[in-house]
Amino acid sequence: FMPSPTRALLAVVVCVLLSAADLSAAKKPDPLVRITPVAPTEQIPVSDFFRPGLLADPQLNAAGTHVVALVNMGGDRDGLAIIQLADMKVQTLRGSRGLDVYEYSWLNDDRILFSVIRDKLFSEGLFVADIKNLKRNYVLEPYSAVYVLGRPDGAKTKPLIWVRQNAYDDGKDAGVFQIDAMRNTGGEQTAVSGAMGTKDSGAGAAHGVSAHVLRSFPKPPSGHPVVYFADVHGDMGYLVTIGSGEKLALFALDQGRWNLCPVDLEGVDLESVGEKPGELLVGTRPGPGRPRALYRLEARTGTLGDALIHDDEYDVTNVTVHREHDTHRILGVSYTARTEKTVWFDPKRQQVQAMVQQQFPGQTVTLLDADKAGDRFVVRTRSDRHPTAYHTLHLSQRSMGLLKNPRPWIDPARMRPQSIVSYKARDGASIEAYLTLPEGASESNRAPLIVMPHGGPWARDTWGWSPDVQFLVSRGYAVLQPNYRGSTGYDWKFREEDLADFRK
């Protein structure tokens, strides 16, 4: 993803302004400590737009008792916050020695599986935290770059991991294993006041993994692995490789062997697994001049099934599949249109969505997560004037409350609305864009315009609050964000040869 020249210039301007502010830090209170908006009579400081949010990506455990989320620990350091929903008590887990948490998920209702990274560059391995006693965090796989692929049904504490770069053999790919995440590998722990860190025990040099291995999986029969992913039951299912000529191939695991699937990965995009064994969800076009839709696909035969989701205006991209905990039944699908959109197949979730939407008119509402019983939910709201906020919903208690407003220093009343517009290109093609005007701008009182194209081109802008845009608008500029041809979501509107020439 290449930053556009406009955004690069904006970053320089912001850095200069922030540096200037730092010179007077001794005379003024630290602006990053304040969590309330400045007075309406004051100009909003530059730092308010760009300082990191307090919390992100909350995940609810299956019991519905706790939420884990990424939390800012000061500066640009990220740790974990564990929130007990009964009393909103918060525990934090932070990295020592320049470590940040960068991936995490619930292992069971009491333990969290997480990875850390050093100085935003180097993997420091895979860990487990016990929320009943955070000082008992322990290491599963130190230093290696590890990806968690799935947690099999009936063995949720025995996840599948891909050791893509191991710490014992010059960073080579060690392959895929199932490990016992309840067993400490024996590394010496240094956990003080919720700080995490390990010293390598020296184990695992034999096969590039120090975690307690339950089973391993075969290496690819050909090519180099691009991605592994689990089947609908959380067990090892599929592999994508890249071979000579950069050709992609799909394999399915059958009785311990990788079998090539007759699926042309140039014609479809793999999005997720389906509900049945051997079923995938893929994005493809139903025909020329029609938006890309989400289809069921039988991997072992390459047979395309029914469409699960289609949109009359946009290619279905950035797909998130919402499932029932035990049965893995697909309840709904979220994707990107003008903003994020969710289509629910489950009547109960449709009702919950409608009920919450009434509480937040004009905002995009997403049911992010639900407990096993479907009683507690984590809800995300956002709009062009409201930055992202997280809420909890308890259906049986008929209650809803704020989990966290990550940017409480932003006053939505002072943000400017974002309009969806379109304009004609030189060849007559209609291009969709987002326009944000400063206060007081009108036909008779025109504002200077900044055109801010996104990077990519395999990316797009969406409707919603943007720190870049709102900062510029607060300083009197109008901002236009064009989703030019080549932007994701719009490919169906343009000829393939035009897009190919553009992307060169």
Side-chain angles (χ1 to χ4, degrees), residues 57-63 65-71 73 78-84 90-97 99-118 122-168 174 176-204 208-216 230 234-235 369:
D57 191 23
Q59 299 177 28
L60 184 66
N61 64 357
T65 58
H66 292 77
V67 166
V68 63
L70 200 68
V71 63
M73 306 299 295
D78 294 323
L80 291 180
I82 299 96
I83 306 170
Q84 183 170 291
V90 179
Q91 301 181 80
T92 58
L93 182 70
R94 64 177 301 163
S96 59
R97 302 178 291 119
L99 299 179
D100 292 277
V101 175
Y102 74 104
E103 285 185 352
Y104 54 96
S105 60
W106 286 102
L107 186 63
N108 58 23
D109 287 332
D110 299 320
R111 299 197 183 196
I112 300 163
L113 192 64
F114 65 98
S115 301
V116 298
I117 193 167
R118 176 184 293 280
F122 307 107
S123 173
E124 286 283 336
L126 187 65
F127 297 77
V128 171
D130 185 343
I131 66 172
K132 294 179 179 178
N133 185 353
L134 289 183
K135 293 183 180 181
R136 287 208 305 253
N137 64 83
Y138 57 89
V139 63
L140 294 176
E141 176 57 37
Y143 304 116
S144 297
V146 179
Y147 296 83
V148 178
L149 303 175
R151 296 185 302 129
D153 290 348
K156 295 295 189 182
T157 60
K158 298 176 174 61
L160 310 178
I161 65 168
W162 177 18
V163 185
R164 187 168 186 176
Q165 292 178 301
N166 74 78
Y168 311 102
V176 176
F177 306 91
Q178 184 177 20
I179 63 171
D180 186 349
M182 301 299 282
R183 294 184 59 168
N184 189 346
T185 60
E188 180 184 343
Q189 301 303 298
T190 56
V192 180
S193 301
M196 62 200 172
T198 72
K199 294 181 180 178
D200 183 17
S201 65
V209 58
S210 67
H212 183 76
V213 174
L214 299 172
R215 58 176 170 151
S216 61
D235 211 339
D369 216 348

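To the nearest 0.5 angstrom, Gln91 atom CD is 8.5 Å from Asn133 atom CG. Between Leu99 atom CG and Met73 atom CE the span is 12.5 Å, to the nearest 0.5 Å. A distance of 8.5 Å separates CG of Leu149 from CD1 of Ile161, quoted to the nearest 0.5 Å. For the atom pair Asn137 CG and Arg111 CZ, the distance stands at 11.0 Å (nearest 0.5 Å). Taken from CD1 in Ile179 to CG in Leu113, the straight-line distance is 7.0 Å, to the nearest 0.5 Å. To the nearest 0.5 Å, atoms CZ (Phe177) and CG (Leu160) are separated by 11.5 Å.
Taking each heavy atom of Ala129 and Leu134 in turn, the nearest pair found is CB-CD2, 4.2 Å. When all heavy atoms are compared, the tightest approach of Leu140 to Asp180 is CD2-O, 4.1 Å. Ser115 and Leu126 make their closest contact through OG-CD1, 3.4 Å (heavy atoms, listed as atom of the first residue, atom of the second, distance). Residues Asn166 and Ala174 approach most closely at ND2-CB, 3.9 Å, considering heavy atoms. Across all their heavy atoms, Ala69 and Pro58 have their closest contact at CB-CA, 3.8 Å. Here the closest non-hydrogen pair linking Pro142 and Ala167 is O-CB, 4.1 Å.
Under the salt bridge (charged side-chain N to carboxylate O under 4.0 Å, His left out) criterion, the residue pairs touching residues 155-165 are Asp153-Lys156, with sequence neighbours excluded.
Each of Tyr104, Tyr138, Tyr102, Phe127 was evaluated against Phe114; a single residue qualifies, Phe127, per the ring-ring contact (aromatic ring centres under 6.0 Å, His included) test. The only member of Asp130, Val128, Asn184 that meets side-chain contact (heavy atoms from CB on, under 4.5 Å) when paired with Arg136 is Asp130.
Annotation: side chain of Glu103 is not in contact with side chain of Val146 (no heavy-atom distance under 4.5 Å). The closest side-chain heavy-atom distance from Met182 to Leu107 is below 4.5 Å.
For Asp369 (side chain) and Leu60 (main-chain N/O), a donor-acceptor pair under 3.5 Å exists by modelled atom type. Using a distance-only test at 3.5 Å, with no hydrogens or angles considered, no donor-acceptor pair links the side chain of Arg151 to the main chain of Gly234. Using modelled atom types, one side-chain atom of Ser123 and one backbone atom of Ser144 make a donor-acceptor pair closer than 3.5 Å. Judged by distance alone, with hydrogens and angles left aside, the side-chain atoms of Glu141 form a donor-acceptor pair with the main-chain N or O of Ser210 at under 3.5 Å.
The side chain to side chain contact (heavy atoms under 4.5 Å, CB included) search around His66 returns Asn61, Ile82, Gln84, Trp106, Ile131, not counting sequence neighbours.
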